[in-house]
There are 2 protein chains.
Amino acid sequence: MSTRQRILDTALESFGTTGVDGTSLDALARELGLRKQSILYYFNSKNALFQAVVDEAANEFIDELDAVFSGVDPRDVWAQVEGAVRVVFRLALQRPALLGLLREASRPGSMVAVQLSTRLAVHIDAAQHALETALQEGRVLGGNARLLLFSLYSTIMGVATEVEVLRAMGIEPSLRTLAERRQELLRFLRVALVPA
Amino acid sequence: MSTRQRILDTALESFGTTGVDGTSLDALARELGLRKQSILYYFNSKNALFQAVVDEAANEFIDELDAVFSGVDPRDVWAQVEGAVRVVFRLALQRPALLGLLREASRPGSMVAVQLSTRLAVHIDAAQHALETALQEGRVLGGNARLLLFSLYSTIMGVATEVEVLRAMGIEPSLRTLAERRQELLRFLRVALVPA
DNA sequence: ACTTCTGTCTACCAATTGGTAGAAGCGTGA
DNA sequence: TCACGCTTCTACCAATTGGTAGACAGAAGT
């Protein structure tokens, strides 16, 4: 794998777990067996690296979602929701840093949000459109399609990533509790979305 | 107001917006018209200050929730949810830094989570118990009470605080869109919780 | 008048930060 | 062999970081 790619991967891991402010170029370089000047050779500044990492993460996230959505009837909103939940929970288990990075990038006041928005705009519009027609045809319960999409996003990402809140509630994050969380989430969303 | 309290307030504001790592004691002191040594006089270390701020924030959050819940039938789960939504959205408007700090404190790997958990344990248990009996009596839809509570928390906090995601969706956070978000959220939660 | 306590200050400190300048190693093509 | 471009390095740097040591001011009590 190219050095550039190794840097991106390691940075994603570190940014997504320790945070951007909590990750120094020196520490990153040490982890890579390099000097930080080599990192700055590929990325002109720490912020440029962060932006590249956000792009990388957005791509991976979108690819995962696309892969699942491609095998699903575009009119079947519930199947899409189920697919999204499956993707997010698999990532929570296998690539927690990826979700951590999205969380980091979507912190209030983050300057990379613009980037994310242009990156995701097409997919958001598609999802919104699917929701809208489903709403009109009474196949889904909801008021405003875009705000409903936002609620869905918040719920799914929250349930998948708020592990510290979970701990505070006395539930230790583990494979089993993850599965239980997912099951309750799906039940919750089905009741909220699918007409009886 | 005592200097100690001023430090706590200013720190909450800064920690909740810029983040802990993004806030230096020097910057904090400058904002207060002090030297950082004066801050370290009241709090032995930056981390001690952070812990104190988390305590402060947890207290305020709990007080707000208690105030709303006290005027509501303890058996009326939906009224409690409505109250919680009202509190969180008012805070999102008037004290965004407070929610930001809770978000900061609940970052994966955060070391203050233990603190938060002991601080909130009683209230979590109470809410869970109310949910449980409501579930048994069929007044609320759901499977596992604790996981349902967790889903509710994730949804409400997410919808109220994920402003950058909202922006990425082309919705500028404002008073009007906040009200719309809240309305759609309440509709969403009502469908998900209240039996037809 | 003297001490004591509280609070704020100046003066430092070693370590770390992101970043610059430029040299050295290295393989490739002429 | 030479030149060249790519990559990684050593050597620095000014600024900032959290934190320590201790002086100084003022109020309060005796």
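These figures come from a predicted structure and were not determined experimentally. Just so it is clear: chains get the letters A, B, ... in the order the sequence lines come, proteins before strands, and each one is counted from 1. All values below were derived from every heavy atom in this structure, side-chain atoms included, with hydrogens, water molecules and symmetry-related copies excluded.
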**Request:** Any chance you could measure A:Leu8, atom CG, to A:Leu49, atom CG, to the nearest 0.5 Å?
**Result:** 6.5 Å

**Item:** Rounded distance in Å - CZ (A:Arg35) to P (D:dT8)
**Value:** 12 Å

**Request:** Could you tell me the separation between the CD1 atom of A:Ile171 and the CD atom of A:Glu180, rounded to the nearest 0.5 Å?
**Result:** 8.0 Å

**Prompt:** Does a donor on one side chain and an acceptor on the other come within less than 3.5 Å for B:Gln51 and B:Asp55?
**Reply:** no

**Item:** Sorted by number, the residues of residues 9-21 of chain A with heavy-atom contact under 4.0 Å to DNA chain D
**Value:** none

**Message:** How many whole angstroms separate atom CG of B:Leu28 from atom P of D:dT17?
**Reply:** 11 Å

**Prompt:** In whole angstroms, how far is the C1' atom of D:dT17 from the CD1 atom of B:Ile39?
**Reply:** 13 Å

**Request:** For atom CD of B:Gln183, decide whether the heavy atoms of other residues, nucleotides or ligands shown that lie under 6.0 angstrom number more than 12.
**Result:** no

**A:Thr3 side-chain N/O to D:dT8 phosphate OP1/OP2 under 4.0 Å** = yes

**Request:** Provide, to the nearest angstrom, the distance between the CD1 atom belonging to A:Ile7 and the C1' atom belonging to D:dC6.
**Result:** 14 Å

**Message:** Is the phosphate of C:dT16 approached by A:Ser24 (side-chain N or O, under 4.0 Å from OP1 or OP2)?
**Reply:** no

**Message:** Can you list, in residue-number order, the parts of residues 43-57 of chain B that come under 4.0 Å of DNA chain C, counting heavy atoms only?
**Reply:** none

**Asked** Hey, does the side chain of A:Tyr42 come within less than 4.0 Å of D:dT8's phosphate (OP1/OP2), counting only N and O?
**Response** yes

**Atom pair distance, as rounded to whole Å: CZ in A:Arg4 and C1' in D:dT8** = 16 Å

**Message:** Within this structure, what is the CG-CZ distance for the pair A:Leu147 and B:Phe188, rounded to the nearest 0.5 Å?
**Reply:** 12.0 Å

Output a table of nitrogen or oxygen pairs between the protein and nucleotides 21-23 of chain D separated by less than 3.5 Å.
none

**Prompt:** Whole-Å distance between C:dC9 P and B:Arg30 CZ?
**Reply:** 14 Å

**Fill in**
In B:Val53, B:Leu101, B:Thr23, the residue satisfying side-chain contact (heavy atoms from CB on, under 4.5 Å) with B:Ser14 is B:Thr23

**Request:** Look at all strands and tell whether B:Thr23 reaches a base, only sugar-phosphate, or nothing, counting heavy atoms closer than 4.0 Å.
**Result:** sugar-phosphate

**Message:** Looking at B:Ser38, I'd like to know whether one of its side-chain N or O atoms comes within less than 4.0 Å of OP1 or OP2 on C:dC9.
**Reply:** yes

**Message:** Could you check whether any side-chain N or O of B:Ser110 sits under 3.5 Å from a backbone N or O of B:Ser106, counting only pairs where one atom can act as donor and the other as acceptor?
**Reply:** no

**Request:** Please report the shortest heavy-atom distance between B:Gly158 and A:Ser154, naming the atom on each side.
**Result:** C-OG, 3.4 Å

**Prompt:** Of the non-hydrogen atoms in A:Ile39 and A:Leu28, which two are nearest, and what is the gap between them?
**Reply:** CD1-CB, 4.0 Å

**Request:** State, to 0.1 Å, how close B:Pro108 and A:Thr161 come at their nearest heavy-atom pair, and which atoms those are.
**Result:** CG-O, 4.2 Å

**Asked** Okay, side chain of A:Arg6, backbone of A:Leu32: is any donor-acceptor separation there less than 3.5 Å?
**Response** yes

**Message:** I need the minimum non-hydrogen distance between B:Gln80 and B:Arg75, along with the two atoms involved.
**Reply:** NE2-N, 4.4 Å

**Message:** Just the rounded figure in Å: distance from C1' of D:dT10 to CG of A:Leu34.
**Reply:** 14 Å

**Prompt:** Contact class for A:Leu40 (heavy atom, under 4.0 Å): base, sugar-phosphate, or nothing?
**Reply:** base

**Asked** How long is the line joining NZ of B:Lys36 and P of C:dA11, in whole Å?
**Response** 14 Å

**Item:** C:dG7 OP1/OP2 closer than 4.0 Å to side-chain N/O of B:Tyr41
**Value:** yes

